[in-house]
Structure formats: C-alpha cells, structure tokens
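The next block holds one structure in the form of structure tokens; read it before the comments.
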Amino acid sequence: MEKIFAELNESQSEAVRQIDGPILILAGAGSGKTKTITSRVAYLIQNGIPPSSILTLTFTNKAAAEMRQRAMALLDQQVTYPPLLCTFHKFGLLFLKHHMQELNRSNNFVIIDTDDKKRILKSFDIDLPVPMVAAEISRFKNNLISPEEAISAAQMLNYKKIAQIFQKYEAYLEQNNLVDFDDLLALPYQILDQNPQLCEEISRKYQYILVDEYQDTNDLQFKLLEKLSSTHNNLCVVGDDDQSIYGWRGANIKNILEFDKRFADTKVIKLTKNYRSTEAILKAANELIEHNRNRLGKKLESTRDSGKEIEFIHFDDENSEAREIAARVKTLINRGIDPKEIAILYRINALSRSIEEGLNRAGVPYKMVGGLKFYERAEVKDIIAYLRVITNPHDDFSLKRIINKPKRGIGKATIDKLLDMAYQNSCSVYNIFTDHREKLAESVTKKAFTTITEFFGKITDIREKLESSSYDLIDNLEEAFGIRHYYEQMPDGMDRVLNIDEFYGLYRDFVIQNQDATLEAFLNDITLQSDQDQIDERSISIMSIHASKGLEFNYLFVIGLEEGFFPLVGDGCDIEEERRLGYVAITRAKKELTLSSSATRYYKGKRAQLSKSRFLAECGVSKGSLKIERTTSFKKGTLVKHKIFGVGRVLEVSKVKREYKLKINFGGTQRDILASFVERI
DNA sequence: TAGAAGCAGATTTTT
DNA sequence: TCTGCTTCTA
C-alpha cells in the first residue's frame, strides 16, 4: 500500500482512494494521469476487490500495454488473474465472441478495417464519394440508426442514396460474416440493449470501470459505459477536456463537459500539477487555452524552473523555414542532445515534405511517426487476405483482393462474372465454384476456369493441411502462391519483402506463444493492432500534432503557424478544437519550444500568401514574451518574380526592422522591394 | 488482360 | 505539385 502512495501528490492520492461512485478525474497535460489510473487499479485490488471485476478501457493498444505493465509493477503479490485492461474495441470483440449468437450471427466473424470498408463501398459502384459515404455510415452506426430508419428519415435524394448504400453494406457484412470497427461497439450495445438480463449480468461482473482519455469518447461509447455501469455507477473516467482533438471523428466533448450532470453525485478531482514542462511553456499553453469558452477550466501549475523563453521565427517561405529548423536541430544534436528528445510537429501532413527535404539536406536522420501503418501496407494486407480466405473461403471480399495477385490470368471481366454469379445466387464465389461448377465453366473462358480450379484447389489443400499440428502454414502458402517471390521481382520490392518476412515472423511467434489459438484468432487480433514502431534511437521524430498526443520531448519545434493552416479553416473545422490542438502541441514540450511560421507556402500546386496564426498572439507573442526573429533565404543572385515588375535578380539583401528589404534588378531597373512581395523562382 | 496515359482531388485518423 | 484512379490501346 505504501508503495502505491509513495509517489503520489495530494490530488492524485485522493483520486486513487475514492473507490465508489462516479468520479471525473480532470488530468491536465503532464499531470501524472497514467500513474493515477494504474495506482487506482492496484489500490482497488489491494483493497480486496477481485481483479476480475475491474475493467479498464483505453483507446490504444499502446496505452493499454503501458498501463497493464505499470499496474502490475505496483502490486506486491503476483495476481493470478490480471484485471481486464484493453481498448474499447478489444472489449467489444471479446464480448461479441461470447454473445454474437444473440443477434443470430456466428461468432466466427472477421474484422475489417477502414480501408476494407472503403473497398467494399467502392465495389458497389456508387456515384457519391466513398470516404463521405463511409463517414456517414459510421455516423449512422454510432448513432444507432438502422438502415431502415435511415432510409425513412432521409429527406434529400443524396441522403436516401447513402441510406440505401448503408443498407446494402450492412447486408454485405452480414452475408460475408464481417464486422467493422463501428460494429465492435454498436453490436455489443445492441445486444445489451435488447437483453436487459444479460446487461445486468455483465454490469455486475464489472463492478469497477475505469476509462482513459475520456474526452475522446463518442456517443456510442458513452451509452455503452452507461450500460456497463448501470447496476453500480462505479465509473471512474480520466481525461482532459482541453485535449479533446477528435471531435471531427465523432468524439463528443460534451461527454466530459457534462459528465457530472449525467451521473449524479460525481466526485470531480482536478490534477493540475504539471511535471513535464518549464514555466515558460506552461504559461503559453495556459494563455492559449484560456481563449476557449467551452471548457471546464483549469490552469496547469508548474513544478519546474522558468526555463528558456519560447522562440518564434518567421520565414519568407517554407524552404528557409526547413533549412533553419534543420540547422537548429543539427546544432542540438552536435551539442550532444539525444535525437529521441527532439521532435518537429505540424498541423497537416502536407507540411512534412519541406521539412523532410531540409532534414535530408542537412543530413539529420529522422523518423516520421504515423504514416502508413504496418498492417495497412498493401503487401501485408495481401498476405492477410490469403490467410482470411484460408480460414474462410466464403470471404469474397478478401478473395477479390488476391484471386489475381500474383497475376495468374484472372482479369477484371472474370472477377466481375464470378461476383455477379455469387450475387445472383446469394452465395459466395466459393459456393459458385463448388455447387455451380458447370454453369461457371460455361460463363468464363476455358483458361480462366482452369486457373480458378487450380486456385481453389490450392486453398482447399492448405485448409486441409491446417488441421494437422505439425504443419507450417507459411512455407506452404509461399510454395502454393509465391507472394513473397512476386514482390521480390518488383523494382522497389525490397521493403515489401522485408515487411512480408516481418509478418511471417509475427505469425510464427504467435503460433509458438499461443499453442492452441486458431489462425482466425490471429487475424482478429492483428486487425485491432496499430503500429507500435519503436522510435529509432538515433533519429529525431517528425509527426502531425494528432500523432504526438501522449508523447513528450525536451526540444520541440512546431511549424506552420499560419492562419488557414493552423488554425485550419474550412468545412467541419472548429476553432476551439484547433486551439486545443495548439494546446496539445505546446504541452508536448519539456524544455525548449520553438514556433515558426512562413509568409508564403507552396500548397496544392499554388503559392499561398499567409498571415501569422492568431494562436501566436493568443499564447503571448504580442505581449513580447516570445522572441521574434525573421530569417530569409533570399541572397545576392537569387532569381525572383514580382507580380507587377516580373522577373528579376536580387542585388542586395538588407534588414529593415523585422523585415528584409531586397534591391532587385528588373531588366535594368533597380527597385527596393520587401521580401514578402516577391517569390523565388 | 495488362501497361500507359489522362484527370480530379488534395485535413487531422487511437480502432 | 503530386498521387491514385479511370480510361484507353496493344
């Protein structure tokens, strides 16, 4: 017990000790949130609460893994059954594995990811943008609207269309026994809702529920939590309304803002002592976020020294910005700073390009966090599709992906024919092959028919062999289909082959570690897994602000502070959420923070003129607490273009107050012009 | 059926 | 400006 409280401050201890009833822990950035949750789990167990009745929900596998490890470290004696600590989606998966039959569906389903979902929608040949339809379907599901309800509620033609696509999509999923990410939450809710007895049973099973990053929950997650805690209200949520940055994805900030209204007698505990950043950094963060109206209100208190002033640098264009930032990063590394402690953040991924160029030119190794995830890579998804077809030959969706990969002469026409026949007979393509073989032989070319027969022969063969325990699936998969070989031959196939090998390794590890788990279990598991790339020891990190959530760095650069870019403006943009994003960015910094902006930026094929972000003033730049600097990449000899005077060459560069003045020769005429009025060419 | 050439669209993305 | 997808042709 002492071990648990030894390192906690007063409010943290209070949050840990409060066992019963609804609790809202408002944990500011860097206030020891994870420590508080894990201590609480350990404390509950040490107070005799059976681990099996504690449920902790997170959003990422990474957070779940970290918490599990830290909670266990706090427990004196080894716990035989550790408490369930997992993501919302994993919880949904476990639940569906046990209760799917309530919906008259088999628990032998396959989970599809967002990309799969879009492919399915695309295959419907719809005349609306697929991402939009995908998002709308997600919205329907998260609002628990059935396709029928959506259709009857639709007013506008396009909405009717979307609702009809939704209906078709749902039928497709059910027919192929697929479950999408939204279903992992929506279906459990549906089951609990239509089965009060089961709901009560489950609620009694999980007497103590903890939720991490509560500000990111959506309406459905809230309703699910309501169900789960319905018999006891022992719901402890931890979050920070100021760090809610996923509103655009359906997260509802009201969940946290109105938590105490939804749950009577909520105990609210604020964790405001920040153990991460210097006073200068916290001051900027606090000042910025105070411009938001929609918030519970709390102010981070510093526990560290005042630290170095925040620096702000303004540039003429993104190239000088990239060059200067790269140079500064290099200086830090030369000073002996660990590259792991350096990061560059931006609001939109498009800004990464200039920065990458700058880093490359300066010879600074970097790692881009986020990017394309391992399990989302085409080659990995191909292998997964093969494995899915092997576990379930009726999975037309996966089949379609691989039936002609590597190319074996089954072209689009043949595939369309197969799918059409399956659709006509309301069965799977595999059924067409097994039960309507003669008809199939008539419908496709002789060559295609032979190839299809051969293809399914190999699949069936592997399926049968899978039964025997001493069987190496991977070797046989490769022998039968040569996927690795196929990628090996591609000109840029090296990375892909490495990924395939990595994947095979993961599978073999899984088989060794889970002797009696099925291939299907493996497949379900990896769909819920996000990339957990190790940050390379010798590289600095560059990433979007969203991707930086939960991380911290001693030396931080935030680039692109310009109106229009950050805050981003346009459809679905919410200035308060943009500001929270700014707050998240600033609070990632521990020791030194550098902000930058550029007067112009090349974007979508055009050079945009930009003004400085309002956030700069809001976090104190106008009050002079930040050091303002301006650098330029113009020098003698640079070719430039002026809107009126045309093309010219720079003769001289001089500084006037905070601006740069250029003497330019336009076809024999010399003019003095401010740097921001010309463009490099 | 498979490569080549033309054309729209281009935020953030824990699962 | 660049990417990924549809359309065109051998």
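Lettering of chains follows the sequences in order, A, B, ..., and the numbering in each one begins at 1. These values consider heavy atoms only, across backbone and side chains, with no hydrogens, waters or symmetry-generated copies.
Taking atom CG of residue Asp212(A) and atom P of nucleotide dT15(B), one finds them 13 Å apart after rounding to whole Å. Between Arg347(A) atom CZ and dA10(B) atom P the separation is 16 Å, expressed in whole Å. Summarising the geometry, the separation between CD1 on Ile452(A) and C1' on dT1(B) is reported as 14 Å, rounded to the nearest angstrom. Remark: C1' of dT14(B) and NE2 of His89(A) are 8 Å apart, rounded to the nearest angstrom. As rounded to whole Å, 9 Å separates atom C1' of dT11(B) from atom CD of Glu578(A). Across the protein-nucleic acid pair, Trp248(A) atom CH2 and dT13(B) atom C1' stand 4 Å apart, rounded to whole Å. If you measure from atom CG of Asp113(A) to atom C1' of dT14(B), you get 14 Å, rounded to the nearest angstrom. Rounding to whole angstrom units, CD1 of residue Ile526(A) and P of dT15(B) are separated by 14 Å.
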Extract all donor-acceptor atom pairs below 3.5 Å that involve side chains of residues 85-92 of chain A and protein atoms in other chains or at least two apart in sequence.
{"residue": "Thr87(A)", "atom": "OG1", "partner": "Lys90(A)", "partner atom": "N", "Å": "3.0"}
{"residue": "His89(A)", "atom": "ND1", "partner": "Phe181(A)", "partner atom": "O", "Å": "3.4"}
{"residue": "Lys90(A)", "atom": "NZ", "partner": "Asp525(A)", "partner atom": "OD1", "Å": "3.0"}

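The side chain of Phe59(A) lies closest to dT14(B) when the candidates are dT12(B), dT14(B), dT15(B). Distance from the side chain of Thr60(A) is smallest for dT14(B) among the nucleotides dT14(B), dG3(B), dT11(B). The side chain of Phe181(A) lies closest to dT15(B), out of dT15(B), dG3(B), dT13(B). Closest contact between the side chain of Leu568(A) and the listed nucleotides dT11(B), dT12(B), dT15(B) involves dT11(B).
Between Asn349(A) and Ile410(A), the residue anchored nearer the 5' end of DNA chain B, judged by the nucleotide with its closest heavy atom, is Ile410(A). Comparing Ala413(A) and Lys549(A) by the nucleotide of DNA chain B whose heavy atom lies nearest to each, the residue mapping closer to the 5' end is Ala413(A).
As judged by a 4.0 angstrom heavy-atom cut-off over every strand, Ala63(A) is placed among residues making no nucleic acid contact. Within the 4.0 angstrom heavy-atom criterion, only backbone atoms of the sugar-phosphate kind lie near Asn404(A); the bases stay farther away. Asp216(A) comes within 4.0 angstrom of a nucleotide base, judged by non-hydrogen atoms across all strands. Nucleic acid contact for Thr414(A): sugar-phosphate only, since backbone atoms but no base atoms lie under 4.0 Å from a heavy atom of the residue.
For His546(A), the ring-ring contact (aromatic ring centres under 6.0 Å, His included) partners at least two apart in sequence or on another chain are Tyr246(A), Trp248(A). For the side chain to side chain donor-acceptor pair (under 3.5 Å) test, residues two or more places apart in sequence or in another chain that qualify with Gln243(A) are Asp240(A), Arg588(A). Among residues two or more places apart in sequence or in another chain, the side-chain contact (heavy atoms from CB on, under 4.5 Å) test is passed with Arg119(A) by Asp115(A), Phe397(A), Arg401(A). Under the side-chain contact (heavy atoms from CB on, under 4.5 Å) criterion, Arg70(A) pairs with Thr34(A), Lys35(A), Thr38(A), Glu66(A), not counting sequence neighbours.
Each of Lys381(A), Lys122(A), Lys400(A) was checked for a salt bridge (charged side-chain N to carboxylate O under 4.0 Å, His left out) with Asp116(A), and the lone residue meeting it is Lys381(A).
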Any protein N or O atoms within reach of nucleotides 1-10 of chain C? Criterion: under 3.5 Å, listing atom names and distances.
none

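The shortest distance between the side-chain N/O atoms of Ser544(A) and the OP1/OP2 oxygens of dT13(B) is below 4.0 Å. Within the structure, every side-chain polar atom (N or O) of Asn218(A) is placed at least 4.0 Å from both OP1 and OP2 of dT15(B). In this structure, Tyr246(A) does not reach the dT15(B) phosphate: none of its side-chain N or O atoms is under 4.0 Å from OP1 or OP2.
Between Phe481(A) and Phe455(A), the ring planes are tilted. Angles from 30° to 60° get that label.
Counting heavy atoms of neighbouring residues, nucleotides and ligands inside a 6.0 Å radius, atom NZ of Lys405(A) exceeds 12 of them.
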